[in-house]
Every structure is written in structure tokens, then in C-alpha cells.
Amino acid sequence: MAEALEGLAREALDLGRAAAPSGKVATYIPELGRADPGAVALAIHTVDGDAVAVGDVSRCFTLQSVSKVFALAALLRGGDDGLWEHVRQEPSGDAFHSIVRLEEEGGRPRNPFINAGAIVVSGRLPGVDPAARAGVVRAFLREAAASGDEAFAMDEAVYRSECRTGFRNRALANFMCHHGVLVDPDGAADGYFRQCALTADVDALARAGLFLAAGGLDPHRDLRLLDAAATRTIVALMGTCGLYDEVGSFAVRVGVPGKSGVSGAILAIVPGRMSIACFGPALGVRGNSVAGLAMLEFLARELSLSVFDAGIAPP
């Protein structure tokens with residue numbers, strides 16, 4: 001299985017590299033604009049124990065919005081703490097940093113995977129300050145990936161770049177504070193900047209996400225990282241909200257729960273089967289990796305991954 005999987009991964013990689021020139025790296029966070037637009041990598045970890053990684057596998061990147069998955073998991077691990085009274089579970093249909101729905105809906109974010117909702121999650125994590133709260137996310141990532149203490153370090157340059165330019169995110173936090181959704185908007189925004197600047201390579205990211213494909217259980221260590229109900233909530237929200245205003249076309253083209261970030265990372269979860277991590281910093285017009293989308297579409301077709309294909313006979 002591993003040999004066949006690697007062959008498909010290499011075919012996907014070729015498609016990703018061909019797609020990359022059609023995108024552009026993010027520049028609204030200046031440090032991200034330094035990324036190599038031609039870099040492409042892919043990793044797959046299966047619940048049965050197979051693992052492959054191809055492309056620029058040693059290239060580290062910041063998780064950006066992919067970190068929202070693990071921040072939510074770290075929070076839900078201790079119970080929801082009233083989160084869903086302040087954050088809804090509905091798609092937004094808007095860009096990831098939009099303030100429009102907050103103005104229309106009393107400062108309550110549509111879901112925890114848009115920036116506003118993720119800032120609320122960050123502010124509710126345990127810890128005495130933003131650095132400690134981001135440390136909770138990092139610790140969860142290290143545990144999920146079965147990695148050492150040095151893994152998932154924070155990129156200080158990216159963090160500082162986000163702090164210097166994060167006016168919109170601070171505006172979201174202050175607007176929610178006005179409506180009583182947040183108490184400490186500055187601290188919540190700072191913790192969010194810190195978690196977004198945590199780093200990984202594709203292999204570590206795919207391994208960290210594997211528990212989401214196995215109902216909250218690390219299938220290789222028989223270790224429960226999150227209860228089944230909370231895991232189901234996260235995976236469902238990835239499926240409905242994970243790619244912002246491209247989530248519908250992603251469901252049609254790929255058909256699995258996923259979460260993207262403006263660094264060019266995408267984490268895709270195939271329940272019961274595998275975790276897939278892609279990286280390609282060249283983004284499409286909606287802020288998602290063009291290489292990642294091309295690779296995932298190919299793999300979904302070749303491996304029949306779409307959750308919407310169940311029970312449908314091939315043509």
C-alpha cells in the first residue's frame with residue numbers, strides 16, 4: 001500500500017508544481033511575502049500505519065489558520081467552557097477576515113475557523129498570558145504528532161510581522177469586546193498571532209492531524225487525544241467552514257473536511273482513513289494554496305476520498 005501511495009503522491013506533486021505558477025504568495029503579512037512561490041510538498045499518514053512525504057518536505061512554514069483546528073481541539077479537550085454561547089457553528093460565506101457578519105449579528109462570530117471566531121477561541125484557552133495560551137496549542141500539536149520538545153516552534157519574524165500589520169484582527173477583537181464576546185481583546189489577538197506563527201513541515205502536520213481521522217484517538221499509540229463528540233464537531237466544521245468562501249467548490253472538487261492557511265498550508269482529513277497535509281505558498285484569489293488544491297483534487301479522484309461518493313457506483 002505504501003509503495004502505491006507514494007506513486008500517487010508523486011503524481012499529485014507534479015500537478016501541484018504545475019499549478020503553482022498560477023498563484024501568488026500572501027503579502028498582507030509582509031514576512032509571508034518572502035516565501036518561495038514554487039515550493040510544493042505533500043504528506044499522507046493513514047490510520048493503518050502507512051506514511052509518505054514528497055516534494056519540499058524539509059521546508060518549514062507557519063501554520064497560520066490551520067492552527068485554528070488545534071487551538072479548538074486544545075480548548076475542547078477541557079470541555080467547551082461555554083464557547084458555543086459566543087461562537088456559532090455556521091459557514092460565513094465571507095472572506096476569513098471579514099467584519100461584515102459581526103456587524104450584522106451582534107459581534108458573535110459565525111464559526112471558530114474565521115479569524116473572529118479563532119480570536120475568541122484563543123482568548124479562552126488556559127494560560128496566564130498570550131504566550132502561555134499559544135504554548136497550550138503548541139503542546140497539543142507536539143503530543144498529537146508524537147514529536148519532541150523542539151517541534152512546532154514559533155517563527156518570531158512572522159509573529160512580529162503579524163503584530164505590526166494585524167490592524168483588522170485587532171479591529172475584530174475590539175468589536176467583539178464592545179459586544180461582550182471578549183474581555184481582553186489585545187490579549188486574545190496577540191495569542192492568535194502567536195499560534196498562527198507556529199511552524200511545521202508537511203510530515204509533522206499530517207501526523208498531528210491523524211487523530212481527527214480516527215475519532216480523536218491516535219491509532220498508532222492507542223492514545224485518546226480528544227473525545228469522539230468533540231472530534232466530530234471539529235471535523236464537521238472543517239467540512240463546512242474550513243476553506244472560507246471556497247468551501248463549496250472544495251466540497252465539489254475534493255469532498256473531504258479541510259482547513260487552509262494563507263501560508264499555503266492545507267490539512268485535509270478523510271475520516272477513518274487518513275490525514276493529508278499540503279504546502280504551496282502560491283495562493284488563489286480566495287487565499288487557498290493552488291498547488292494544494294490541485295494535489296488534493298487528484299488524490300480524491302484516484303483514491304475515492306470524497307465523503308459524498310459513499311454508495312455511488314463509479315461511471
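- By the ring-ring contact (aromatic ring centres under 6.0 Å, His included) test, Tyr192 is found to be paired with no residue, residues two or more places apart in sequence or in another chain being considered.
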Check step by step if salt bridge (charged side-chain N to carboxylate O under 4.0 Å, His left out) holds for Asp190 and Arg194. CA-CA 6 Å; Asp190 186 60; Arg194 290 173 181 273; 2.9 Å; yes
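- Nearest heavy-atom pair across Phe279 and Met295 is O-CE, 4.4 Å.
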Assess the residue pair Thr62 and Asp155 against the criterion (side chain to side chain donor-acceptor pair (under 3.5 Å)); give the C-alpha distance rounded to whole Å, side-chain angles, the decisive distance to 0.1 Å, and a yes or no. CA-CA 7 Å; Thr62 54; Asp155 186 319; over 6 Å; no
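- The shortest heavy-atom contact between Ser263 and Phe61 is OG-CD1, 4.3 Å.
- The nearest pair of heavy atoms linking Leu5 to Thr46 is CD2-CG2, 3.9 Å.
- Side-chain contact between Leu299 and Leu8 is present, with heavy atoms from C-beta onward closer than 4.5 Å.
- Considering every non-hydrogen atom in both Leu283 and Val290, the closest pair reads C-CG1, 3.9 Å.
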Verdict with supporting geometry, Arg207 and Asp201, salt bridge (charged side-chain N to carboxylate O under 4.0 Å, His left out): CA-CA 10 Å; Arg207 180 66 179 90; Asp201 57 41; over 6 Å; no
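- Under the 4.5 Å side-chain criterion, counting only non-hydrogen atoms from C-beta, Val120 is in contact with Leu83.
- Contact check for Thr165 versus Pro30: side-chain heavy atoms found under the 4.5 Å cut-off.
- Residues Ala9 and Ile44 share a closest heavy-atom pair of CB-CD1, 4.4 Å.
- Side-chain atoms of Ser67 and Gln195 form a donor-acceptor pair, as typed in the model, at a separation below 3.5 Å.
- Nearest heavy-atom pair across Ile119 and Ala189 is CG2-N, 4.1 Å.
- You'll find the ring centres of Phe152 and Phe140 outside the 6.0 Å limit.
- Residues forming a side chain to side chain contact (heavy atoms under 4.5 Å, CB included) with Ala132 (at least two apart in sequence, or on another chain): Val128, Asp129.
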